[in-house]
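Beneath this line is the structure, given in structure tokens, with notes to follow.
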Amino acid sequence: MRDCLLPHCPPDTVPLRLVHQSDYAAWREAQPAHLQSWLAANRFVATPGAFCPLPGAGGVLEAVLVIHDDEAGPWTLAGLPQALPEGDYRLAEPVAAERAAVYALGWALGAYQYTRYKAAKRAPARLALPGVELASVRRQAEAVALVRDLINTPAEDMMPEQLAATAEALARECGAQLRQWVGDQLLADNFPTIHAVGRASSHAPRLIELRWGDERHPRVTLVGKGVCFDSGGLDLKPASGMRLMKKDMGGAAHALGLARLIMSEGLPLRLRVLVPAVENAVSGNAFRPGDVIRTRQGLTVEIDNTDAEGRLILCDALSEAAAEQPELLVDFATLTGAARVALGPELPALFCNDEGVAAGLAAAAAETQDPLWRLPLHAAYKEYLDSKIADLANSASGPYAGAITAALFLQSFVPAGQPWAHLDIMAWNTRNRPGRPEGGEAMGLRAVYAYLRKRYG
């Protein structure tokens, strides 16, 4: 991705002519007859993102027509790196530096390819942007690429120990401190729900902690759900539900990707990252429906369904995170199918207990075209989590409001007055779109980063 953006114009760069969809008819009429005939012969339709190579004298490629609209933002050019012939391209007309940086980010995200097991079929086309500061753009693209790579990696190569190795490499790269609680250390130091969910796997459960930054700076803590594979436990998922469960560590991937961006950009924060990492497997010591687990906070939880395991590992991590009273606590989790039913796979659900934080995140999401949709922490629904023998159950008693009841479960472990945002994400593109290939995806990461940069940068 780094090599797809050039800070200078090599010889023979091909200009990209950006034409707004509403201006296309007038633009076409102003072109020479041979170009009008060419567009007609190619049956070119001016829809946003559509492009058409334009020939010059002797049939040599002279330029590429690109149609855009007011909504495209970073996706304006994102479909081009894999679609245009290999080579170097530039904008035909200068644009403001801020807009050029947005185009550059989309180009870099469109150049992404996952190549761990299968070589790329081609190199992406390159975009030359002389005079544009590309370092920050590259850091954002690399953070997204890290998230995508982690989620796309099959579980056999992305179990808790590999997730920890990624965090360790990140700590070395950015000068952070890393700590882990592994296996029975979780019991010794009172992280019982993380241990309970992960103990049935041959891959030891763990809690991964990363710390970075000046102690004098505002404290921000990120928590990411790291279920490296989810069989559903004893309440086994069907095969169709298990097929993509390598992505159930997508929350952890987001926390690590956002941490990388914060650290590489040098935001003045005291950053803490907590990743509970487990495999929800089946063996003789697997936790069972009907079991009662005492959490780190002291609340007891009756297990209604072992497939509602993500909230269990998060509750201990959130309790630990809140103990330091950070100025802001954010968690990412591929938590509920109910959020996908309500909002679809491309719109993450945002739950937040602080109106100022919620408004700031919504504004940042709109600015970055990295959408979030706020759902309510409707307290009346908490009775759906009532248990006859414990303080609460880990799964609702009925089929309704599953994303809300899951968020309310997590809120039980966040003290009153602690600003907290919970993102229930898909972490997966179910279809190919410009700059957003099918597969693992960072959702809400750029929005949260933009909010943090505006608040603390």
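Along the sequence shown, the residues carry numbers beginning at 1. Computed from heavy atoms alone, side chains included, the values below leave out hydrogens, waters and symmetry copies.
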* To do: Please examine the side chains of Q369 and P74, heavy atoms only from C-beta on, and report whether any two atoms are closer than 4.5 Å.
  => yes
List the atom pairs, donor and acceptor, that lie under 3.5 Å between side-chain atoms in residues 104-111 and the rest of the protein, sequence neighbours left out.
from, atom 1, to, atom 2, distance (Å)
W107, NE1, C4, O, 3.4
W107, NE1, A125, O, 3.1

* **Minimum-distance pair of heavy atoms, taken over all atoms of N190 and T295** => OD1-O, 4.4 Å
* Does the side chain of L77 come within less than 4.5 Å of L127's, by heavy atoms? -> yes
* Asked: Just by distance, with hydrogens left out, do R206 and Q180 show a side-chain donor and acceptor under 3.5 Å apart?
  -> yes
* **E265/R453 salt bridge by N-O under 4.0 Å criterion** => no
* To do: Determine, for K237 against D307, whether the closest basic-nitrogen to carboxylate-oxygen distance falls under 4.0 angstrom.
  => yes
* Test: R455 and E327 ion pair at under 4.0 Å -> yes
* Asked: Can you check whether G250's main-chain N or O pairs, donor with acceptor, with H254's side chain at less than 3.5 Å?
  -> yes
* Asked: Measuring from D230:CG to M249:CE, what's the distance to the nearest 0.5 Å?
  -> 13.0 Å
* **Heavy-atom closest pair, residues G310 and L335** => C-CD1, 3.9 Å
* **Side-chain (Q162) to main-chain (M159) donor-acceptor, under 3.5 angstrom** => yes
* To do: Please lay out, stage by stage, how W428 and T334 fare under the test side-chain contact (heavy atoms from CB on, under 4.5 Å).
  => CA-CA 10 Å; W428 190 267; T334 51; over 6 Å; no
* **Note, R219 side chain near Q325 side chain (heavy atom, < 4.5 Å)** => no
* Asked: Centre of Y114's six-membered ring, under 6.0 Å away, within 45 degrees of the axis: is that where NZ or CZ of R148 sits?
  -> no
* To do: Give the intermediate values and the outcome of side-chain contact (heavy atoms from CB on, under 4.5 Å) for residues L377 and I404.
  => CA-CA 6 Å; L377 288 161; I404 296 174; 6.0 Å; no
* May I ask you to say whether D149 pairs ionically with R116, meaning some side-chain N is under 4.0 Å from a carboxylate O? => no
* Asked: So, N429 side chain and P437 main chain: donor-acceptor pair closer than 3.5 Å or not?
  -> yes
* **Heavy-atom pair with the smallest gap, counting every atom of L361 and A421** => CD1-CB, 3.9 Å
* **N-O pairing of E309 and R311 below 4.0 Å** => no
* **Taking every non-hydrogen atom, the tightest pair across A176 and W212** => CB-CB, 3.9 Å
* **Distance-only side-chain donor-acceptor flag, D304 / N394, under 3.5 Å** => no
* Asked: Would one find more than 12 heavy atoms of other residues, nucleotides or ligands at under 6.0 Å from atom CD of E98?
  -> no
* Mark yes or no for whether R260, through its side chain, and Q140, through its backbone, hold a donor-acceptor pair below 3.5 Å. => no
* Asked: Regarding H203 and E161, is there a side-chain donor-to-acceptor distance under 3.5 Å anywhere?
  -> yes
* **salt_bridge(K247, E441) N-O dist < 4.0 Å** => no
* Asked: Considering residues, nucleotides and ligands other than E324, do more than 12 of their heavy atoms fall under 6.0 Å from its CD?
  -> yes
* **Note, L375 side chain near L343 side chain (heavy atom, < 4.5 Å)** => yes
* Using 30° and 60° as the class limits, which term best fits the ring planes of F409 and F413: parallel, tilted or perpendicular? -> tilted
* Asked: What distance separates T193 OG1 from R296 CZ, expressed to the nearest 0.5 Å?
  -> 10.0 Å
* Should the pair R446-E367 be classified as a salt bridge under the 4.0 Å nitrogen-to-oxygen rule? -> no
* Given side-chain contact (heavy atoms from CB on, under 4.5 Å), test D386 with L392 step by step and report yes or no. => CA-CA 5 Å; D386 285 351; L392 68 168; over 6 Å; no
* May I ask you to decide whether R272 forms a salt bridge with E209, counting only side-chain N to carboxylate O separations under 4.0 Å? => yes
* To do: Give a yes or no answer on whether the side chain of R431 reaches the backbone of E438 with a donor-acceptor pair at less than 3.5 Å.
  => no
* Under 3.5 Å: donor-acceptor pair, side chain of N152, backbone of G440 -> yes
* Asked: Among side-chain atoms of N353 and W420, is any donor-acceptor pair under 3.5 angstrom?
  -> no
* Side chains of D370 and Y449, donor plus acceptor under 3.5 Å -> no
* Structure fact -> Across all chains, not counting sequence neighbours, the side chain to side chain contact (heavy atoms under 4.5 Å, CB included) partners of E156 are P154
* **Flag side-chain contact, heavy atom, 4.5 Å: T306 against P289** => yes
* Short question: side chain of D248, backbone of F229 - any donor-acceptor pair under 3.5 Å? -> no
* Looking only at heavy atoms, which two atoms of L408 and K382 are closest? And how far apart? -> CD1-N, 3.6 Å
* Asked: Is there a donor-acceptor contact under 3.5 Å from the side chain of Q177 to the main chain of R179?
  -> no
* Neighbour count >12 (heavy atoms, 6.0 Å) for atom CZ, R433 -> yes
* **Polar contact flag, side-chain donor to acceptor under 3.5 angstrom, S231-N280** => no
* To do: For salt bridge (charged side-chain N to carboxylate O under 4.0 Å, His left out), just list the numbers for R126 and E86, CA-CA rounded to whole Å, side-chain angles, deciding distance to a tenth of an Å, and then say yes or no.
  => CA-CA 7 Å; R126 296 174 294 272; E86 294 181 31; 5.9 Å; no
* Structure fact -> When every non-hydrogen atom of L178 is compared with those of A167, the smallest separation belongs to CD1-CB, 3.9 Å
* For P419, which of D354, V330, L329 qualifies under side-chain contact (heavy atoms from CB on, under 4.5 Å)? -> D354
* Do R138 side-chain atoms and S136 backbone N/O form a donor-acceptor pair below 3.5 Å? -> no
* S264 side chain vs L261 backbone, donor-acceptor pair below 3.5 Å -> yes
